[in-house]
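Single-structure report; data block below.
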Amino acid sequence: MDAYDEGSRARQLPDGPDGSLPEGPASAGPTPDSTPSTDQESTDQESTDQESVPPQPASQAPTAQAPDALAPAPDAQASTADPPVPVPTPTFTGIASLPLRSQVVAALALAVVAVVACVHLGMVFLHVAPSNTVTKQHGRAIDDWIYPEFEQNWKLFAPNPLQQNIDVQVRAQVRGKDGGITETGWYDLSALDGAAIDGNLLPSHTQQNELRRAWDFYIGTHDNENRPVGLRGDLSQRYLRRIVLLRLDRQGAGDKGAVVESVQIRSRTTNVPPPKWSEEKVSDTPVLRELPWWTVPEEDVTDARTVASAG
């Protein structure tokens, strides 16, 4: 048997008598005579194997890499990963920011305001709309809602706007503490309102429109003989009477502690002079319209004093 097995190319060492390695100097390594031949055969065999394998390009030559070299380092993985996106905290504004009980109260208040606004717009629309089935059946309810605070007046857009100055004046018969009846002079209520408005940057709606609208309300519901026309005639009379009673109480009509028994109202209408360049001619003579004396009910006097004391 040869020293090398060509099939396995494994180097065989000489066995001892009992199958173990021999002891002594020979066990330290191969003999000088056998070493050259063995190395020469190995070298020849390796050269033969290298010649039988075709050379590969450098680009295709396999490169041996350690398993750990293929995996990125932990720091590299952390650097390439996307940073965590912070979750925004939801913020609420308006009603949503209130507590639950306050949200319910605010929602109910908004609902009530919306309903009232819709009802008011519907009433105004029916008031200015032409006569129809709804206004014929519910005209009284519509008028009670509109008059006198929300009455619509379109005189500003009329072809011939109002060109007159109208002063509303009143006088009264008062009963003093001694039981005697005294008649006061005429109080120019329109002039008093004008004096309060003059020079006032923020005049009140009452000073500007209350008396004027009450007089227009009365004129529109009475004929030239001061007879009521329609169902609102009595309402307009009571409304105007209560306003003048309140004004008389402010002015202190009669002595202290005097009671107003009856009142009389009149209007003094004067035409506005036309401009100098106009050829229009108008009369400058005032026109008076006096209403009959009205007896003042006790409830009107009490209401006037209550309002005056509250103001």
Side-chain heavy atoms under 4.5 angstrom apart, residues restricted to Ile, Leu, Val, Met, Phe, Trp, Tyr: same cluster for Ile142 and Val119? yes
When clusters are formed by joining ILVMFWY residues with side-chain heavy atoms under 4.5 Å apart, either directly or through shared neighbours, do Val134 and Tyr147 land in the same one? yes
A quick test of your reading: do over 12 heavy atoms of other residues, nucleotides or ligands sit less than 6.0 Å from CG of Asn224? no
When the ring centroid of Phe150 is compared with that of His120, is the distance short of 6.0 Å? yes
Evaluation steps, side-chain contact (heavy atoms from CB on, under 4.5 Å), between Ile146 and Val124: CA-CA 7 Å; Ile146 295 297; Val124 173; 3.9 Å; yes
Heavy atoms only: give me the nearest Ala172-Val263 pair and the separation to one decimal. CB-CG1, 4.1 Å
For the student: nearest non-hydrogen atoms of Arg268 and Pro286, plus distance: NH2-CG, 3.2 Å
Nearest-0.5 Å distance that lies between atom CG in Asp198 and atom CG in Asp193: 12.5 Å
Treating Asn165 as the side-chain partner and Thr270 as the backbone partner, does any N or O pair qualify as donor plus acceptor under 3.5 Å? no
Is there a path of hydrophobic side-chain contacts, each under 4.5 Å between heavy atoms of I/L/V/M/F/W/Y residues, joining Leu288 to Trp294? no
Can you measure from NE2 (His222) to CG (Asp234) and round to the nearest 0.5 angstrom? 8.0 Å
Just verifying a value: how many Å separate Leu231 CG and Ser236 OG, rounded to the nearest 0.5 Å? 11.5 Å
Output for pair (Leu189 CG, Leu248 CG), nearest 0.5 Å, gives 6.5 Å
In this structure, would Ile181 and Val260 fall into the same cluster of hydrophobic residues linked by side-chain contacts under 4.5 Å? no
Minimum heavy-atom distance Ser131-Lys136, with the two atoms named: OG-CE, 3.5 Å
Indicate yes or no: at least one non-hydrogen side-chain atom of His127 is less than 4.5 angstrom from one of Trp145. no
Got Pro297 and Arg238 here, is their nearest side-chain heavy-atom distance under 4.5 Å? no
Sorted by chain and residue number, the side chain to side chain contact (heavy atoms under 4.5 Å, CB included) partners of Asn226 (sequence neighbours excluded) come out as Tyr218, Arg289, Leu291, Pro292
Run the side-chain contact (heavy atoms from CB on, under 4.5 Å) check on Trp215 and Ile219 step by step: do they pass? CA-CA 6 Å; Trp215 179 254; Ile219 295 300; 3.5 Å; yes
Flag the pair Gln207 / Asn200 as yes when at least one side-chain heavy-atom distance between them is below 4.5 Å, and no otherwise. yes
By side chain to side chain contact (heavy atoms under 4.5 Å, CB included) - contacts of Ser190 (at least two apart): Asp167, Val168, Asp188, Leu211
So, Arg247 versus Tyr187: side-chain donor-acceptor pair below 3.5 Å or not? no
Does Asp216 pair with Arg213 as a salt bridge, N-O distance under 4.0 Å? yes
Student check: side-chain heavy atoms of Glu299 and Arg242 closer than 4.5 Å: yes
Please report the shortest heavy-atom distance between Trp186 and Gln264, naming the atom on each side. CZ3-O, 3.5 Å
Thr184 and Ala253 have their tightest heavy-atom pair at CG2-CB, 4.5 Å
Is it true that atom CG of Leu98 has more than 12 heavy atoms of other residues, nucleotides or ligands lying nearer than 6.0 Å? yes
Using a 4.5 Å cut-off on heavy atoms from C-beta on, say whether the side chain of Thr221 contacts that of Val229. no
Using every non-hydrogen atom in the two residues, find where Gly233 and Pro228 come nearest and quote the distance to one decimal. CA-CB, 3.8 Å
Is it true that Val112 and Met123 fall in one hydrophobic cluster, defined by side-chain heavy atoms closer than 4.5 Å? no
May I ask you to test the Gln251-Leu192 pair for a side-chain heavy-atom distance under 4.5 Å? yes
